[in-house]
Amino acid sequence: MNALATSLRMAVTAMLRQRLRSMLTSVGISIGVAAVVLVAALGTGARGEIDKQIQSLGSNVIFVFSQPATKSGAKSRANMGMGLTERDAEAIRREATAVTAVTVYSEVSAQVMSELGNGKIGVMGVDESYFEVRGYEVASGRRFNESEAQTKAKVALIAPTAQQKLFGNQDPVGRWVRVGKHPFRVIGTLRSKGQSPFEDQDDRILIPIGTWRSRVVPTLGDRVQLVMASAKSAEHSGEAERQVKQILMQRHQIAEGEEPDFRVGTQQEFQKMQEGIFTVLTVLLLSVAAISLLVGGVGVMNIMLVGVTERTREIGIRMAIGAKPADIQAQFLLESIALTLFGGLAGIALATGLMLAFAKDLGFPMQLSGQAVAVALGTSAAIGLTFGFWPARRAAHLDPIEALRHE
Amino acid sequence: MSALIRLRGVCKDYMSGPEVVHALVDVELEIGAGELVAVVGASGSGKSTLMNILGCLDRPTRGRYELAGIDVTERSTDQRALVRNRLIGFVFQGFNLLPRTTALENVELPLVYRGVSTRERFRRAAHALAQVGLADRAHHTPAQLSGGQQQRVAIARALVTNPPLLLADEPTGNLDTRTSHEVLGLLQELSEQHGITVMIVTHETDIAACTRRIITVRDGRIFRDEPNAARPAAAVESRP
Ligand SMILES: Nc1ncnc2c1ncn2[C@@H]1O[C@H](COP(=O)(O)OP(=O)(O)OP(=O)(O)O)[C@@H](O)[C@H]1O
Ligand SMILES: [Mg+2]
């Protein structure tokens with residue numbers, strides 16, 4: 001134990017003596033370890049978070065987007081190329097048996113003002129079913145009722161991020177917000193839904209779709225951006241998807257095998273897509289890690305070989321006064337491990353910095369876990385051991401007389 | 001008197017290209033405990049080769065070497081390292097201290113390989129430094145010490161393990177006359193007062209004259225081996 005402590009001190013001293021060299025040598029290790037840490041952080045924190053976000057979209061939701069038709073002549077047919085309309089949604093509601101609720105929405109990002117603040121906020125036109133399908137819950141106040149929807153009343157519900165922007169910590173219920181030239185009365189606030197894979201779901205206000213069409217974007221007619229349907233259960237989502245497709249094909253007069261002007265997606269598909277992105281990211285990071293660690297390791301080996309040559313005389317002296325080959329080998333191995341551990345610590349710092357800097361852009365939190373640190377330090381030590389082995393062995397097998405004679 | 005060193009028919013051959021160099025030829029030698037011996041001879045006569053074998057740094061090609069009753073010829077590398085650590089102290093012409101390392105740490109080094117505790121190491125190293133009159137230079141690095149002081153640190157390092165044998169290959173080769181005699185005085189004292197066997201390789205006749213036995217090597221053989229009436233080295237100023 002005592003001998004180990006002494007050897008460790010010698011190793012650290014040797015490393016500090018060549019500060020610049022040590023730093024340059026360990027850059028590759030640092031980058032590699034940073035990548036390892038990021039992979040570990042992705043594995044632990046982010047995957048679960050993504051699942052949660054997908055769940056936050058609602059349960060068993062089927063999404064229908066409109067998609068511009070590419071084939072010429074398609075536009076000539078009825079309803080074709082017009083995109084999705086509210087009547088499409090009604091047809092699905094009526095005919096699709098595997099579907100419990102259907103909702104539509106349109107959204108624009110608009111400048112919204114209150115007496116206390118203003119900001120660019122998503123203004124969503126929604127129908128009453130939207131709250132169920134997407135699982136929005138009212139925190140205070142109330143939703144709009146059927147008569148308000150029909151009369152295109154200028155009422156709004158406000159989600160937390162938008163609330164913070166417009167009202168700070170004040171209670172917004174009963175106050176007014178202005179979109180363009182139209183004032184809306186705030187009748188309720190919504191509970192936080194957090195981040196979805198696409199956006200901040202809390203940075204918006206919700207108004208009746210009729211109001212949205214006539215006051216906010218009057219040029220769209222009864223077209224909507226998105227139709228969402230809830231399947232009865234997870235088992236029914238396949239059937240629901242088929243029914244929705246069939247109904248829309250018929251209404252848009254699209255023959256079997258023709259390219260439709262809409263696209264249907266399920267929550268499971270989003271999940272798969274997200275996981276695909278993860279796999280790509282993980283593979284990418286692991287390649288960076290592998291290459292950096294290999295290059296870094298070779299750098300460490302090189303610098304250790306230089307060190308052995310430079311310190312040949314020292315090795316001779318140590319052997320003459322009683323160091324065994326194993327002592328010399330341990331000394332150089334410890335030095336290379338100290339070097340790579342130093343690189344590893346720098347890599348952990350680098351990864352932490354990157355996580356803090358990009359967590360927001362990536363849309364999910366990544367945290368430095370104890371496990372990630374353990375993996376990083378383990379990797380560093382293993383690299384030090386692997387690439388320090390040969391130089392250390394070389395040092396240990398020097399002939400003491402030749403080593404002492406070395407200039 | 002039982003011999004500390006016993007060489008029997010020791011030969012050392014070197015391959016130099018296609019030719020064989022006979023660096024040592026049939027060396028027979030016995031040296032007792034506490035002797036102070038000078039090894040002299042022309043350059044290339046085999047003095048260093050002899051010292052390397054005596055110091056367990058090299059193995060004879062043929063013959064047998066017993067140190068303190070142990071046959072060390074056929075020992076493993078690790079065991080020879082142990083023998084060096086326990087029984088032998090080295091002093092070199094070029095001092096051979098670790099650079100950028102304090103005098104005290106240099107002196108401690110042999111004890112590190114013996115697994116001695118930090119505190120005990122410090123105590124013994126400080127004592128050895130005091131013995132060579134350098135207690136006040138403990139925290140100086142070699143670069144901050146004169147040649148004579150560096151050689152005295154090297155002697156302290158050789159002493160710190162209390163070895164029965166001290167081998168010095170041209171210990172004064174890099175020193176001026178005055179410092180040479182300081183160092184020599186120290187070596188004489190070690191032999192006389194502490195009973196350490198000291199062997200000094202030297203080119204200088206006045207250094208050899210200060211020892212009690214002079215061995216002359218010529219062409220790898222012991223050409224002459226005779227006792228000498230040692231005269232004391234010139235007065236040394238800073239005795240401990
Ligand atoms: N490693 C070696 N390979 C080949 N020949 C060697 C080797 N070491 C020593 N020799 C030869 O062995 C002989 C004895 O060398 P040694 O170094 O013992 O001489 P020396 O008496 O110490 O000389 P000097 O007084 O110059 O130090 C010389 O001829 C030398 O060339
Ligand atoms: Mg020599």
Side-chain angles (χ1 to χ4, degrees), chain A residues 1-22 303 306-335 338 392-407, chain B residues 12 14 23 48-49 51-53 55-59 76-102 105-122 141-142 154 156-161 163 167 169:
Chain A
M1 202 58 227
N2 166 57
L4 186 69
T6 308
S7 316
L8 253 173
R9 202 164 50 80
M10 289 194 315
V12 172
T13 313
M15 188 180 77
L16 290 180
R17 209 167 264 162
Q18 304 272 1
R19 245 163 274 221
L20 181 65
R21 187 196 272 186
S22 305
I303 224 70
V306 170
V308 169
T309 306
E310 280 177 352
R311 289 156 63 194
T312 299
R313 209 181 168 87
E314 174 189 327
I315 295 164
I317 297 168
R318 287 177 185 276
M319 286 175 159
I321 63 176
K324 299 185 184 72
D327 294 323
I328 301 292
Q329 177 147 359
Q331 180 193 341
F332 279 89
L333 267 184
L334 268 174
E335 272 180 39
R393 211 180 132 78
R394 235 171 95 138
H397 285 81
L398 284 175
D399 175 58
I401 297 169
E402 310 237 316
L404 278 168
R405 219 181 270 153
H406 192 265
E407 284 311 314
Chain B
K12 182 69 186 179
Y14 286 114
S48 294
T49 304
M51 294 297 261
N52 288 340
I53 286 173
C56 278
L57 289 168
D58 207 353
R59 292 173 201 265
S76 73
T77 309
D78 279 1
Q79 281 173 327
R80 290 158 63 85
L82 198 70
V83 166
R84 288 197 295 273
N85 188 255
R86 299 272 159 160
L87 303 181
I88 304 169
F90 290 94
V91 176
F92 305 93
Q93 176 175 0
F95 318 140
N96 276 342
L97 300 174
L98 296 192
R100 296 178 296 270
T101 306
T102 65
E105 287 169 330
N106 264 294
V107 176
E108 278 184 4
L109 207 54
L111 300 176
V112 170
Y113 293 114
R114 210 185 253 206
V116 176
S117 77
T118 315
R119 176 187 294 227
E120 178 68 4
R121 250 171 20 218
F122 177 86
T141 61
R157 182 180 63 191
L159 282 183
V160 77
T161 56
L167 300 173
D169 195 344

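Lettering follows sequence order; numbering is per chain, from 1.
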Chain B contact via A:Pro400 - side chain, backbone, both or neither, heavy atoms under 4.5 Å: side chain

Under a 4.5 Å heavy-atom cut-off, does chain B meet the side chain of A:Gln331, its backbone, both or neither? side chain

Whether over 12 other heavy atoms sit under 6.0 Å from A:Arg393 CZ: no

Looking at OG1 of B:Thr49 and CD1 of A:Ile401, how far apart are the two atoms once the value is rounded to the nearest 0.5 Å? 8.0 Å

Keeping B:Glu120 on the side-chain end and B:Ser117 on the backbone end, is there a donor-acceptor pair under 3.5 Å? no

All side-chain hydrogen bond (donor to acceptor under 3.5 Å, both in side chains) counterparts of B:Lys12, not counting sequence neighbours: B:Asp58

Would you mind checking which part of B:Glu105 comes under 4.5 Å of any heavy atom in chain A, side chain (CB onward), backbone (N, CA, C, O), both or neither? side chain

Determine all donor-acceptor pairs shorter than 3.5 Å in which one atom belongs to a side chain in residues 85-93 of chain B; sequence neighbours excluded.
unit_1	atom_1	unit_2	atom_2	d
B:Asn85	OD1	B:Arg114	NE	3.2
B:Asn85	ND2	A:Ile321	O	2.8
B:Asn85	ND2	B:Pro110	O	3.0
B:Gln93	NE2	B:Asn174	OD1	3.1

Highest number of heavy-atom pairs under 4.5 Å with chain B among A:Asp399, A:Ile317, A:Thr13 belongs to A:Ile317

Which residue out of A:Arg313, A:Glu314, A:Arg311, A:Arg318 racks up the most heavy-atom pairs below 4.5 Å with chain B? A:Arg318

